[in-house]
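A quick write-up on the structure given underneath.
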Amino acid sequence: MAAAKGAAVLGPTIVFRCSTRNTVYEVLKARPGLVETQDDVDWDLCWADVGWVRDMYDQIQMDDDQRLNHFPNHYELTRKDLMVKNLKRMRKQLERNDCQAEAASYCFWTGTFVLPSEYGMFVEEFKRSPGAVWIMKPIGRAQGRGIFLFNKLSQISEWKKDHRWKADQPQAEAYIAQRYVENPYLIGGKKFDLRLYVLVTSFNPLTVWLYNGGFARFSGTRYCTDRAALANPYVHLTNVAIQKKAEDYDKEVGCKWDLQSLKMFLTLKHGARAVDELFYDMQCLITRSLLSVQKSIIHDKHCFELYGYDVLVDADLKPWLLEVNASPSLSAENAADKKLKTQLISDVLDVVDLEGRLEGDEQRVGSFRLIWANGPTDTRAAGGYSTFLGTEKPRAAVDATAALPPPKTTRLQATKTMTGSPAVAGGGAAMGKGGGADGRSVCDP
Ligand SMILES: Nc1ncnc2c1ncn2[C@@H]1O[C@H](COP(=O)(O)OP(=O)(O)OP(=O)(O)O)[C@@H](O)[C@H]1O
């Protein structure tokens, strides 16, 4: 490894490599003390796409203080079929260990089958609830591509022919068939799902930071359960990539609503306790999903990962995990989106702390809160719910580092290992409940 470059800037220099040209790149470029490199191995921070990590991870040997933005087999959580496989395995393991109550809390995803391999089991389940709606999703694609809804087996026979798959043909493109949540929570008659951000700085010990902000993504067309509308993606799929193709889509208005506004809206309608419980359940769903892959993910102290969680809330205020993204979109759709993502990335960099500013026992950095450090960080007694998710308005996109003490280390000077695992609170304890929270302002979706 060559020494850190940076004669052009004063003070410690951090060399970054970035394979995207979106908001991440802009934040890295604007951050004081950082200089760009195109080099594949000689960097302090590499913000890479998952393809780069797949191709390069085995070829690079990282120094102690180098940081990479993906774990090598992140797909254990971020591929739709593997996520469900790991969740099911965790539930079974808890049942075997006689932890029935905890096992029962692993019920935040709907019935899911991997096709073609589980086609037989899927058909059995399908026949048990005649008329129910299912959603078919290719496991290797994103942005709503290749997704369709169906409620009759005949509706998938044509598609089966097109995809030329049979249960014994493993090379066919894999899909999941998943029970569709038919009663989503509606606002203004429209369906939405939530995008939440979670930063994992270590899988061993599991260290999880939850971002306070996020947003709801709305469909542009009123929701209806009419079977004739099953083929209408503008009704059923809330991906921005789908919704922005609609004729009446307004780019400046977008189809998003910030999490704080949503929380406030729900609180006015259902009261603080019900909404706090919903948001707390979302926080628990996040930690449980991470615990389910903790043993499968290759822990590498150089790696961290910013996950984008997609959660759907139903009419009974129950959250359902749809999927976890390893590369949540960090491109900005409009000014509000830009503000959120700029601040988010800046806060990620503050937690990852290449500058060596943190003491190591922080519970909160920017809008990130440490929610799990080998156990829940909030061990207050049961009796209420507690999550800071969606409690504060996003801060202005300012230089978040201004509030932090000056850097203590540089790449060359660094002595501490950067596992990012600050003080551990109650290893392996059950998730506690306590406290309350609400949002602050309301605007139209
Ligand atoms: N089980 C479900 N019940 C109801 N709606 C669902 C379900 N699964 C997915 N959806 C809807 O379909 C959309 C796309 O699903 P999903 O996020 O799983 O696919 P994707 O193409 O990988 O999207 P992304 O680009 O966000 O990764 C969701 O945003 C949601 O609106």
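What you are looking at is a predicted structure, and each value in this text was computed from that prediction instead of being measured. Counting starts at 1 for both ligands and their atoms, in listed order. Hydrogens, waters and symmetry mates are skipped; everything else that's a heavy atom, side chains included, is used.
- If you check which protein heavy atom lies closest to atom 31 (O) of ligand 1, you get Thr238 OG1, 2.7 Å.
- In this view, Arg364 and Glu392 satisfy the salt bridge (charged side-chain N to carboxylate O under 4.0 Å, His left out) rule, not counting sequence neighbours.
- Around atom 4 (C) of ligand 1, the closest heavy atom drawn from Tyr180, Trp109, Phe218 belongs to Tyr180.
- Less than 4.0 angstrom separates some heavy atom of Lys80 from each of these atoms of ligand 1: 18 (O), 19 (O), 20 (P), 22 (O).
- Taking every heavy atom of Leu312 and a limit of under 4.0 angstrom, the matching atoms of ligand 1 come to 4 (C).
- Of the protein's non-hydrogen atoms, Glu323 OE2, 3.7 Å is the one closest to atom 16 (P) of ligand 1.
- Summary of contacts: the protein heavy atom closest to atom 7 (C) of ligand 1 is Leu322 CD2, 3.6 Å.
- The part of Asp310 lying near ligand 1 is the side chain, judged by heavy-atom distances below 4.0 Å.
- Those atoms of ligand 1 with a heavy atom of Asp193 less than 4.0 angstrom away are 28 (C), 29 (O).
- For Asp314, there are no salt bridge (charged side-chain N to carboxylate O under 4.0 Å, His left out) partners at least two apart in sequence or on another chain.
- Short contacts between ligand 1 and Gln143, defined as distances under 4.0 Å to a heavy atom of the residue, involve ligand atoms 20 (P), 21 (O), 23 (O), 24 (P), 25 (O).
- The closest approach between any non-hydrogen atom of Arg141 and ligand 1 is below 4.0 Å.
- Close approach of ligand 1 to Arg179 is summarised as follows: ligand atoms under 4.0 Å from at least one heavy atom of the residue are 1 (N).
- Counting protein heavy atoms only, atom 12 (O) of ligand 1 is closest to Leu237 CD2, 3.3 Å.
- Of the protein's non-hydrogen atoms, Lys137 NZ, 2.8 Å is the one closest to atom 18 (O) of ligand 1.
- Listed by atom number, the atoms of ligand 1 under 4.0 Å from Asn325 heavy atoms are 27 (O).
- Taking all heavy atoms of Arg217, His236, Arg145 into account, the minimum distance to atom 11 (C) of ligand 1 is reached by His236.
- Looking at Lys191 against ligand 1, only its side chain comes within 4.0 Å, counting heavy atoms.
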